[in-house]
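Heavy atoms only: backbone and side chains are in, while hydrogens, waters and symmetry mates are out. Order of appearance sets the numbers: ligands from 1, and atoms from 1 within every ligand.
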Amino acid sequence: MNNFSYTKIKELSDASVLLKDHKGNKAIAGGTNIVDLMKYFVVEANTLVDLNGISGMDALTETETGSVLLGALMTNAATAYHPVIEEKYPLLSRTILAGASGQIRNMATNGGNLLQKTRCYYFYDPHVPCNKREPGSGCPAVKGYNRIHAILGHSQDCIAVFPSDMCVALAALNATVHVKSAEGKRQIDFEDFHRLPGNSPEIDNNLKEGEIITAIELPNEDFSQNYSYLKLRDRSSYAFALVSVATAFKIENNRITEARIALGGVAHKPWRSHEAEEYLKGKSPDREHFAQAAEIILADAKGFKHNRFKIKLARKAIIRNCMMALEPDSQRPGAKPSL
Ligand code: SF4
């Protein structure tokens, strides 16, 4: 870890200027990823700009339209266990609790969850090339050990995946990201927040320099009846997803009126297929239709030497999770779905 200075900021505009005008400065909130990155010499900060002194960003508020604003500085744990989230957005609660550990969720913030870095092993090793860490240096993962890497949306320059669980639900729930800088504020549709690697994998998202996430808005939509999150990983706790699936349905008279399916662990961003969701509209909720939706989602999937298994795994996970969404009781801890 390099020597650095630290400052705790009270005004968002001051933080924005410090982060925009001084490229070596880095923001910190919960610190659950940035501190690791600094310890591994992946990130070197001149000054750590602590956002925790900014007021009004650490709570949940309900708007007049019935949507919910999650403060960017609110912790993942406080969000997952908030009564409004448990009641209105149980899919989000479920995904958050599938991630990391209790200790980390107590520290990690909602804004930080969106900004965490890939866990590609090469990215964390400054002794090897990596286009994301050092643009133009190459991507050893393409021909190297790529078990945890992408099967969708990758490029020849980067095949990393985005590791968040929470963001898979935020994608499925059509969230909106509120951002602010010294120049003003704007909102970004969640699907447009993270980006695919293309030929500039060093850019993870569409935040502009100096912009700070202030809140994440959840629309006033009811997906609290039929939902499920399935996370498949190498061990049952404290591991990142090889493949995960968030599914939510609205169902009337045994017909799907609205479907949401988002995948994690398979691409550089949470992966949604509107084509598959459209396909399911008006269909009966059964295995045959879910299998066809899985085919649509994975039609362009391409694996590498060590991760081709993920395509088959994702297909099974999509079908299984869609079936689990029909059984709300299967979401209880320890419950076994009858599949
Ligand atoms: Fe770096 Fe992306 Fe390649 Fe991993 S997959 S080594 S993050 S360029």
A.B. asks: Within 45° of the six-membered ring axis of Phe41 and under 6.0 Å from that ring's centre, is NZ or CZ of Lys39 located there?
C.D. replies: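 No, a cation-pi geometry is absent between Lys39 and Phe41.
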A.B. asks: Is there a side-chain hydrogen bond (donor to acceptor under 3.5 Å, both in side chains) between Ser200 and Arg195 once you walk through the steps?
C.D. replies: CA-CA 10 Å; Ser200 51; Arg195 60 187 297 282; 3.0 Å; yes
A.B. asks: Is it the case that Ser284 and Asn254 place a side-chain donor and acceptor less than 3.5 Å from each other?
C.D. replies: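 No, no side-chain donor-acceptor contact under 3.5 Å.
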A.B. asks: Run the ring-centre check on His149 versus Tyr145 and record whether the distance is less than 6.0 Å.
C.D. replies: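 His149 vs Tyr145: aromatic centres not under 6.0 Å.
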A.B. asks: Under 3.5 Å, is there a donor-acceptor pair between the Glu86 and Ser93 side chains?
C.D. replies: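 Their side chains do not contain a donor-acceptor pair, so the 3.5 Å distance test is not met.
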A.B. asks: Would you mind listing which atoms of ligand 1 come within a distance below 4.0 Å of any non-hydrogen atom of Ile159?
C.D. replies: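 Contacts of ligand 1 toward Ile159, numbered from 1: 5 (S).
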A.B. asks: Do Lys231 and Tyr229 meet the cation-pi criteria used here (NZ or CZ under 6.0 Å from the six-membered ring centre, within 45° of the axis)?
C.D. replies: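 No; the conditions do not both hold, so Lys231 does not lie above the ring face of Tyr229.
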A.B. asks: Pick one of side chain, backbone, both or neither for how Val142 approaches ligand 1, counting any non-hydrogen atom pair under 4.0 Å.
C.D. replies: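 No part of Val142 comes within reach of ligand 1.
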A.B. asks: So, is Cys130 placed with an N/O/S atom under 2.8 Å from atom 1 (Fe) of ligand 1, counting both backbone and side chain?
C.D. replies: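 Given the 2.8 Å cut-off, Cys130 counts as a ligand of atom 1 (Fe) of ligand 1.
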A.B. asks: Within a distance under 4.0 Å of any heavy atom of Pro140, pick out the atoms of ligand 1 and give their elements.
C.D. replies: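 Close to Pro140: 6 (S).
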A.B. asks: Given Cys139, Pro135, Ser137, which has its nearest heavy atom closest to atom 3 (Fe) of ligand 1?
C.D. replies: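 Looking at heavy atoms only, Cys139 sits closest to atom 3 (Fe) of ligand 1.
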A.B. asks: Give the atoms of ligand 1, by number and element, whose distance to some non-hydrogen atom of Asp157 is under 4.0 Å.
C.D. replies: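 Close to Asp157: 8 (S).
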A.B. asks: Can you list the ligand 1 atoms lying under 4.0 Å from a non-hydrogen atom of Ala160?
C.D. replies: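 Listed by number with element, the hits are 2 (Fe), 5 (S), 7 (S).
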A.B. asks: Within the stated cut-off of 2.8 Å, is an N/O/S atom of Cys120 closer than that to atom 3 (Fe) of ligand 1?
C.D. replies: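 It does not: Cys120 brings no N, O or S atom closer than 2.8 Å to atom 3 (Fe) of ligand 1.
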A.B. asks: Of the backbone atoms (N, CA, C, O) and the side-chain heavy atoms from C-beta on, which set of Cys158 has a member under 4.0 Å from an atom of ligand 1: side chain, backbone, both, or neither?
C.D. replies: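 Contact part for Cys158 vs ligand 1: both backbone and side chain.
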A.B. asks: Could you state the interatomic distance from CD (Glu191) to CZ (Phe193), rounded to the nearest 0.5 Å?
C.D. replies: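 Output value for this atom pair is 14.0 Å.
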A.B. asks: What atoms of ligand 1 come within less than 4.0 Å of a heavy atom belonging to Tyr122?
C.D. replies: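 By the 4.0 Å cutoff, the relevant atoms are 6 (S).
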